[in-house]
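First the structure, in the form of structure tokens, and then the observations on it.
Since this is a predicted model, take the numbers as computed values, not measurements. We count residues from 1, following the sequence as given.
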Amino acid sequence: MIGILVELLISWLLLKYLYSQDLKVLGFCANSKPLFLCLAAPMLYLFILYSGIAYLVENPYKFNQDYTLEDFLRSSYYVLKAVVFEELIFRGALLYILVNYCGKTKAAFISAIAFGIYHWFSYGIIGQLLEMLKVLFSTGVIGYLFACIWIKTGKIAFPIALHFAYNFTAMIIFSKEKNIGMQLLIKTHAVDPARPEGILPMLILVIYYIGFAVLCFIFLRLLKSDHDQCKVF
């Protein structure tokens, strides 16, 4: 939390003394309908994806009997802090400055590349060239779309909602992050009993890697370019 407060303070100082603006210009408040969709759609997408994969490999999810409300609240707070921290860095005051300095397109690309490189360190893959390239591309695409959404709408609330909904569902609902341990749902078997063959595994892999990006692109097209009231068409 201290890190976020420091980010907010630095952001306020930069906006104040460079552009005579305050933190409101980042757009923390947004229309409730598109904001709800930004939260609900990634959750629904991941529920369908992970449940479908579990069905195909005959390894359904079950509730973690050792999971407590305290675990849930602590993990949710961890995810929220991490998301807000990242968004303030990559879609906050620095992106606002970049847009004014070098234009929307270049600013979005710079933000995306920085977002991808950041994940080299957060994933601990420095030196693993293939993994670095894969992460740079996958997270960079998402970072680019998040930046475009912010640039188009002037609302950092939208990428925060999309980012949080994805991470919350993957990490807390489906226990996809080893660093915070097993969460709400866990697999029934340690090893998948079945292994799908043919084109289906490849199709699932494609959906896994591009599904969220496609979802973000749809939101980019639907959200109006209106810095006062961002409404869905």
* Partner set under ring-ring contact (aromatic ring centres under 6.0 Å, His included) for Phe72, not counting sequence neighbours ->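 Listed in chain order: Phe168.
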Please report the closest heavy-atom contact between [X] and [Y], naming both atoms and the distance.
{"X": "Tyr45", "Y": "Tyr166", "result": "CE2-CE1, 4.3 Å"}
{"X": "Val79", "Y": "Met171", "result": "CG2-CE, 4.0 Å"}
{"X": "Pro42", "Y": "Leu162", "result": "CG-CD2, 3.9 Å"}
{"X": "Ile110", "Y": "Cys102", "result": "CD1-SG, 4.1 Å"}
{"X": "Leu223", "Y": "Pro34", "result": "CD2-CB, 3.6 Å"}
{"X": "Asp66", "Y": "Asp71", "result": "O-OD2, 3.8 Å"}

How many angstroms lie between atom [atom1] of [X] and atom [atom2] of [Y], to the nearest 0.5 angstrom?
{"X": "Phe217", "Y": "Ile142", "atom1": "CZ", "atom2": "CD1", "answer": "12.5 Å"}
{"X": "Ile149", "Y": "Phe219", "atom1": "CD1", "atom2": "CZ", "answer": "8.0 Å"}
{"X": "Asn167", "Y": "Ile173", "atom1": "CG", "atom2": "CD1", "answer": "12.5 Å"}
{"X": "Tyr61", "Y": "Phe174", "atom1": "OH", "atom2": "CZ", "answer": "6.0 Å"}
{"X": "His163", "Y": "Phe212", "atom1": "NE2", "atom2": "CZ", "answer": "7.5 Å"}
{"X": "Thr139", "Y": "Trp120", "atom1": "OG1", "atom2": "CH2", "answer": "9.5 Å"}

Single-linkage hydrophobic cluster [X]~[Y], side-chain heavy atoms < 4.5 angstrom:
{"X": "Ile113", "Y": "Val141", "answer": "no"}
{"X": "Leu69", "Y": "Ile186", "answer": "no"}
{"X": "Tyr144", "Y": "Ile151", "answer": "no"}
{"X": "Phe164", "Y": "Leu184", "answer": "yes"}
{"X": "Tyr209", "Y": "Ile48", "answer": "no"}

* Asked: Any donor-acceptor pair under 3.5 Å linking the side chain of Thr188 with the backbone of Asn59?
  ->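 Absent.
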* To do: Output yes when a side-chain donor or acceptor of Thr169 lies under 3.5 Å from a complementary backbone atom of Ala165, and no otherwise.
  =>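 Here the side-chain-to-backbone pair exists.
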Pairs of donor and acceptor atoms involving the side chains of residues 8-30, under 3.5 Å and at least two apart or interchain, shall be tabulated with distances.
unit_1	atom_1	unit_2	atom_2	d
Ser11	OG	Glu7	O	2.7
Asp22	OD1	Lys24	N	3.0

* Kindly determine whether Tyr67 and Ser175 satisfy side-chain contact (heavy atoms from CB on, under 4.5 Å), including the steps that lead there. => CA-CA 11 Å; Tyr67 200 56; Ser175 305; over 6 Å; no
* Measure from the ring center of Phe146 to the ring center of Phe158 and say whether it is less than 6.0 Å. =>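 No, they do not, as the ring centres are separated by 6.0 Å or more.
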* Evaluate the ring planes of Phe115 and His119, with Trp represented by its six-membered ring, and classify them as parallel (under 30°), tilted (30 to 60°) or perpendicular (over 60°). =>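 Rings of Phe115 and His119: perpendicular, as their planes differ by over 60°.
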* Asked: Looking at Tyr50, does the NZ or CZ of Lys176 lie under 6.0 angstrom from its six-membered ring centre and within 45 degrees of the ring axis?
  ->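 Yes; both conditions hold, so Lys176 lies above the ring face of Tyr50.
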* Asked: Taking it one step at a time, do Asn31 and Lys155 satisfy side-chain contact (heavy atoms from CB on, under 4.5 Å)?
  -> CA-CA 10 Å; Asn31 188 285; Lys155 304 290 184 182; over 6 Å; no
* **Steps toward side-chain contact (heavy atoms from CB on, under 4.5 Å) verdict (Tyr96, Asn100)** => CA-CA 6 Å; Tyr96 184 91; Asn100 283 277; 3.5 Å; yes
